[in-house]
Peer 1: 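Just passing along the structure, written as structure tokens.
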2 protein chains.
Amino acid sequence: MIDFTDELRLHNLKATPQRLAMSDAMYVNGHINIDALYLIMLKKFHSISLATIYKNINLMLENSFIQEVKIPQDKSVYELSKDIHSHLVCQKCKEVFDINLELETVLSEAQQQSGFKICKTSLVFSGICKKCQ
Amino acid sequence: MIDFTDELRLHNLKATPQRLAMSDAMYVNGHINIDALYLIMLKKFHSISLATIYKNINLMLENSFIQEVKIPQDKSVYELSKDIHSHLVCQKCKEVFDINLELETVLSEAQQQSGFKICKTSLVFSGICKKCQ
DNA sequence: TTATAAAGGATAATCTTTATCCTTTGTTAT
DNA sequence: ATAACAAAGGATAAAGATTATCCTTTATAA
């Protein structure tokens with residue numbers, strides 16, 4: 001179990017046992033939604049409040065310690081912040097995977113066509129993963 | 001005001017006045033969220049129920065008459081189904097724009113890297129639109 | 001024109017998320 | 001190590017969003 005104390009403090013978040021456990025759950029699972037996270041947390045903290053989960057998720061988002069990924073026709077999942085990447089979601093097992101893709105070309109084409117100043121790209125593919133095929 | 005009667009029936013949806021007005025609102029606005037849609041509908045139907053909006057949105061989604069677009073850090077918007085395309089959202093004025101981009105290369109690269117069978121691509125750029133810069 | 005399944009409206013019920021309040025705790029400076 | 005204090009946690013209420021229910025009305029097909 002990795003210690004996220006320093007990482008939390010770097011993002012101006014106090015390193016409480018609950019936050020350390022949440023960080024670990026996201027690290028271990030990669031991507032996780034609120035319900036699943038709450039269930040995991042309940043195992044370690046018998047009386048943790050769902051409000052604590054929400055409060056921490058929101059603070060961690062505000063401080064960019066984590067990111068939200070909106071999944072088509074499903075609940076959002078959360079992941080520890082890392083280098084920019086895209087996502088794949090399996091419609092069968094619901095698992096979410098990271099993928100690194102070269103999007104410079106598409107992005108500059110989008111900026112040119114639209115006149116937008118783009119600062120964020122959110123790309124999610126839906127399909128069937130290797131295992132589920 | 002375009003008549004969506006036939007279009008609705010093609011998707012196995014009865015053409016009620018409420019649904020025709022919802023279709024028109026989406027056609028006129030391009031992309032719209034539940035709250036804005038409800039406000040527009042209230043002008044035409046003084047006593048329309050919010051439940052009617054939700055019921056129809058869900059049926060229209062199930063029958064692929066419309067599509068949901070999940071917007072990062074904001075509420076989902078809905079649009080009439082049309083040819084596959086991507087989206088741009090302005091972080092200032094919140095407007096959502098359609099854009100046609102060539103994604104074959106990126107998609108096949110994603111399939112190759114991951115082993116996924118991809119059947120849907122959801123791409124949303126966030127930034128500042130031409131007008132708001 | 002009529003019969004019927006489906007849709008609309010009103011409202012209750014059910015999530016989901018946030019706010020409140022008080023107790024406990026992490027952190028910083030002695 | 002200790003004390004002080006802002007911040008976090010837990011319990012719970014409140015608010016917000018979505019769905020279910022029930023009865024009346026209506027679109028559609030025969």
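By convention in this document, chain letters (A, B, ...) are assigned in the order of the sequence lines, proteins followed by strands, and residues within each chain are numbered from 1. Atom set for the values below is all heavy atoms of this structure, side chains included, hydrogens, waters and symmetry mates excluded.
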Peer 1: At under 4.0 Å between heavy atoms, which parts of nucleotides 1-12 of chain C does protein reach? Answer with one letter per nucleotide, 5' to 3': B base, S sugar-phosphate only, - none.
Peer 2: ----BSSBBBB-
Peer 1: Calculate the interatomic distance between B:Ile53 atom CD1 and D:dG16 atom P; express it in whole Å.
Peer 2: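 Checked: the CD1 to P distance equals 19 Å.
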Peer 1: Start at the 5' end of DNA chain D and walk down; is the nucleotide closest to B:Arg9 or to B:Asp35 reached first?
Peer 2: B:Asp35
Peer 1: Just the rounded figure in Å: distance from C1' of C:dT27 to CG of A:Leu20.
Peer 2: 14 Å
Peer 1: In a table with atom names and distances, give each donor-acceptor pair under 3.5 Å that connects a side chain of residues 126-133 of chain B to protein atoms at least two apart or in another chain.
Peer 2:
{"from": "B:Gln133", "atom 1": "NE2", "to": "A:Gly115", "atom 2": "O", "distance (Å)": "2.7"}
{"from": "B:Gln133", "atom 1": "NE2", "to": "B:Ile128", "atom 2": "O", "distance (Å)": "3.1"}

Peer 1: Quick one: are A:Glu109 and A:Thr105 in side-chain contact, heavy atoms under 4.5 Å?
Peer 2: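 Counting from C-beta outward, A:Glu109 and A:Thr105 never come under 4.5 Å.
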Peer 1: Measure from CD1 on B:Ile34 to P on C:dT16 and round the result to the nearest Å.
Peer 2: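 Taking CD1 of B:Ile34 and P of C:dT16, I get 17 Å after rounding.
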Peer 1: Once rounded to the nearest 0.5 Å, what's the spacing between atom CD1 of B:Ile40 and atom CD1 of B:Ile32?
Peer 2: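 That separation rounds to 3.5 Å.
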Peer 1: Give the rounded distance in Å between these two atoms: CD of A:Glu62 and P of C:dT18.
Peer 2: 10 Å
Peer 1: What is the distance from atom CE of B:Met26 to atom CE of B:Met60, rounded to the nearest 0.5 Å?
Peer 2: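 If we round to the nearest 0.5 Å, B:Met26:CE and B:Met60:CE are 5.0 Å apart.
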Peer 1: Identify which one of B:His87, B:Lys94, B:Glu95 satisfies the side chain to side chain contact (heavy atoms under 4.5 Å, CB included) criterion when paired with B:His31.
Peer 2: B:His87
Peer 1: B:Leu50 vs B:Ile34, test: side chain to side chain contact (heavy atoms under 4.5 Å, CB included). Steps then yes/no.
Peer 2: CA-CA 9 Å; B:Leu50 186 51; B:Ile34 296 281; 4.3 Å; yes
